[in-house]
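In this text the structure is predicted, and so the values were computed from the model without any measurement.
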Amino acid sequence: MITERRLDTVDMHINVGPQHPATHGVFRMVLRVDGERIVDCVPYIGYLHRGFEKLAENEEFQEVIIHLDRTDYIAQFNNEFCYLMAVEKLLGVKPPERAEYARIILAELNRIVSHLMFYGAFGGDAGAITPFLYAFRERERLQRLFESVSGARLMHFYFRAGGLKEDLPEGFLEEVRRILPVLKQGIDECDTLLTENEVFLSRTVGIGAISAQEAIDYGCTGPILRACGVREDVRRSDPYSLYPTLDFDVPVGKKGDTFDRYLVRVQEMRESIRIVEQCLDRIPEGPFRTPIPRYPHYRVDPGEVYVHTENPRGDYGIYLISRGGVQPFRVKLRSPCFCNLMALPAMLRDAYVADAVMVLGSLDIVLGEVDR
C-alpha cells in the first residue's frame, strides 16, 4: 500500500548586505523566501547616517551648502539648487537671469550624470560589464566640465544665495555646446546596447511591478512614479526658476515595472539635453550674483519656508526655519530615495530571489540621502 507523503516547506531568511556591492551602498534587506520565491522583505537603513539635519543647525546658512553635496553625492548641483532657493525665498532675493540659466544647465547635466551612473550600475546588476564602460565614458565628459566650473570633481559647493560663487569659466558654454552632440550619440549607443537585449528584457520586463495607485500611496516620486504612467514632475506641476519658459516632455512608462523605471531614465537624459540646448541659446551676459548685505555672513529674518525641486531621484524638498541671525534654526530634508524605498517590499513580494538585486537597482537609491 502506497501512502501519500506531504512535504511541508519552511520559510527561510536571507540576509543581503549591508556590505555588498549589489545593495548600492550600506543598505541591508532581509528576504523571507519560500524556495526561490520572496514572501516578504524588510529593509534596514541607518548605516550611513550623515547627521545633515543636525549639523545644519550649527552652521551658517552658506556653510550648510557643502553638507548637501554629501547627501545625494551623485546630484550635488540639484541639491544645492533646492536649498538655496529656500534661503533666497527667506531673504527676498532673486538671482540674476544669467545665474538662473547657469543653474539649470548644471542641474540638467548633473541629472544626466546621475542617470548614467544608474545605467552603468544597473547593467552590472544584470551581469553585464559593458554598460558600465559605455556610461562612464559619457559621464567622464561631463565630470571634466564640472571640474572646470567648481574646481572639484564631486563636492562642488558652487551655488550661492543670490546666484553663483563665481561666473562660469571662459569657454564653458562653448564646450558644453561642443559636447552635446557627442553625448547624444553616446546615450543612443547606451540605449541600443541594453534596451532590446534579450537577456536584459528577461530580467526586467514584468519584474517588480507596482500600480500607479500603489506608487502614490507609498509616496513614490520621480522616475519610480512616472514609470507607473503618472506624469508628475515638479518642474511642470510646481514650476520653479526658469523651467516654465522651457520646452520639454515628461517621459512616462506603462507597467510600472523594472524595465519602465530603466527606460524612463534613458528618455529623461534626452529631455535634459533639450533643456540645456535651449538654455545655451538664451543665457545672457551680465552679473552672476545679486549682492546681499554682509555677504557671506548674511543674516536671515525670522520665517519658515518649504521648497521642492525635481531631482534625478524624485521630489527633493527643503523645509527651512529661521529664528533670525546667520544660522538656520531647523533644516529638514525630504528625501525621495527614502520615500521610494517604502515601496520595495511590495515590489519584491512573489518575485524570485534573483530579481531582488534588479528591483533594488531600479530604485536608484543613494544611501547618503536616505540616512541623511
Side-chain angles (χ1 to χ4, degrees), residues 24 74-75 78 107-143 179-210 215 220-233 235-236 247-277 310-314 336-337 340 347 357-366:
H24 297 268
I74 310 175
N78 292 273
E108 292 304 321
L109 292 178
N110 207 168
R111 191 183 311 276
I112 297 172
V113 163
S114 176
H115 286 347
L116 285 170
M117 180 72 187
F118 158 79
Y119 173 91
F122 197 55
D125 290 338
I129 296 175
T130 308
F132 218 107
L133 303 177
Y134 274 46
F136 268 63
R137 176 192 63 190
E138 305 309 320
R139 190 173 185 267
E140 192 60 31
R141 303 184 203 279
L142 298 179
Q143 287 296 146
I179 283 177
L180 287 184
V182 183
L183 191 60
K184 285 181 185 177
Q185 182 179 344
I187 292 170
D188 288 342
E189 290 175 0
C190 289
D191 191 359
T192 304
L193 180 66
L194 271 188
T195 305
E196 296 184 11
N197 181 284
E198 186 176 345
V199 175
F200 182 74
L201 290 173
S202 69
R203 297 294 310 277
T204 56
V205 174
I207 306 297
I210 58 171
C220 296
T221 55
I224 310 300
L225 180 60
R226 290 192 285 274
C228 299
V230 181
R231 205 175 296 274
E232 167 62 30
D233 188 309
R235 295 172 296 177
R236 286 293 192 217
D247 179 33
F248 63 96
D249 296 324
V250 179
V252 295
K254 297 178 180 178
K255 300 178 181 178
D257 59 6
T258 298
F259 180 76
D260 278 351
R261 291 191 279 273
Y262 153 83
L263 192 59
V264 162
R265 292 185 179 97
V266 172
Q267 294 168 339
E268 282 185 4
M269 288 193 280
R270 296 190 174 105
E271 294 304 317
S272 289
I273 290 178
R274 281 181 63 190
I275 292 171
V276 171
E277 287 174 335
E310 187 63 42
N311 269 32
R313 267 152 284 283
C337 290
N340 291 342
M347 293 176 180
V357 168
M358 294 299 292
V359 174
L360 177 63
S362 73
L363 295 183
D364 191 26
I365 57 172
V366 173

Query - Pair Asn340-Ile365, side chain to side chain contact (heavy atoms under 4.5 Å, CB included): steps then yes or no - result: CA-CA 8 Å; Asn340 291 342; Ile365 57 172; 5.6 Å; no

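- Side-chain N or O atoms of Arg111 include none that pairs as donor or acceptor with a backbone N or O of Glu268 at under 3.5 Å.
- Residues Ile187 and Glu138 are not in side-chain contact: their nearest non-hydrogen atoms beyond the backbone lie 4.5 Å or more apart.
- Here the side chains of Arg261 and Ile224 are in contact, with some heavy-atom distance below 4.5 Å.
- Of the possible polar contacts, none joining the Arg226 side chain to the Gly253 backbone as a donor-acceptor pair under 3.5 Å is found.
- The pair Glu271-Arg235 does not meet the salt-bridge criterion, since no charged nitrogen lies less than 4.0 angstrom from a carboxylate oxygen.
- Taking the six-membered ring where tryptophan is involved, the planes of Phe259 and Tyr262 are tilted, since the angle between them lies from 30° to 60°.
- Side-chain atoms of Val205 and Asp257, non-hydrogen and from C-beta on, do get closer than 4.5 Å to each other.
- If you check the side chains of Thr258 and Arg203, you find no donor sitting under 3.5 Å from an acceptor.
- Residue Asp249 is tested with Gln267, Arg270, Arg274, Arg236 for a side chain to side chain donor-acceptor pair (under 3.5 Å); the sole match is Arg274.
- In this structure, CD1 on Ile207 lies 11.0 Å from CG on Leu201, to the nearest 0.5 angstrom.
- The backbone N or O of Val250 sits less than 3.5 Å from a side-chain atom of Arg231, completing a donor-acceptor pair.
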Requested in this report: Give the C-alpha distance, both sets of side-chain angles, the deciding distance and a yes or no for side chain to side chain contact (heavy atoms under 4.5 Å, CB included) between Leu194 and Val266.
Outcome: CA-CA 11 Å; Leu194 271 188; Val266 172; over 6 Å; no

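- Going from atom OG1 of Thr204 over to atom CG of Asn197 covers 9.0 Å, rounded to the nearest 0.5 Å.
- The two residues Glu108 and Ser272 have their closest heavy-atom pair at OE1-OG, 2.8 Å.
- Counting heavy atoms from C-beta outward, Ile74 and Asp364 have side chains that stay 4.5 Å or more apart.
- Between the SG atom of Cys190 and the CG atom of Leu133 there is a distance of 10.5 Å, given to the nearest 0.5 Å.
- With a 4.5 Å cut-off on side-chain heavy atoms, Cys228 and Ile210 count as touching.
- Phe122 contributes atom CZ, which lies 14.0 Å from atom CE of Met117 (distance to the nearest 0.5 angstrom).
- Across all their heavy atoms, Val366 and Cys337 have their closest contact at N-SG, 3.5 Å.
- In plain terms, the two heavy atoms of Gln143 and Val113 that are nearest each other are OE1-CG1, 3.3 Å.
- The heavy-atom pair separating Asp260 from Lys254 by the smallest distance is OD2-N, 2.9 Å.
- Contact record, Pro223 with Gly314: CD-N, 4.4 Å, taken as the closest heavy-atom pair.
- Between Arg137 and Gly186, the shortest heavy-atom distance links the atoms NH2-CA, 4.0 Å.
- One N or O on the side chain of Ser362 and one on the backbone of Val359 form a donor-acceptor pair closer than 3.5 Å.
- Here Asp188 contributes atom CG and Thr195 contributes atom OG1; the two are 10.0 Å apart, rounded to the nearest 0.5 Å.
- Within the cation-pi definition used here (under 6.0 Å to the ring centroid, within 45° of the axis), Arg139 qualifies as a partner of Phe136.
- To the nearest 0.5 Å, the span separating CG on Leu363 from CZ on Arg313 amounts to 11.5 Å.
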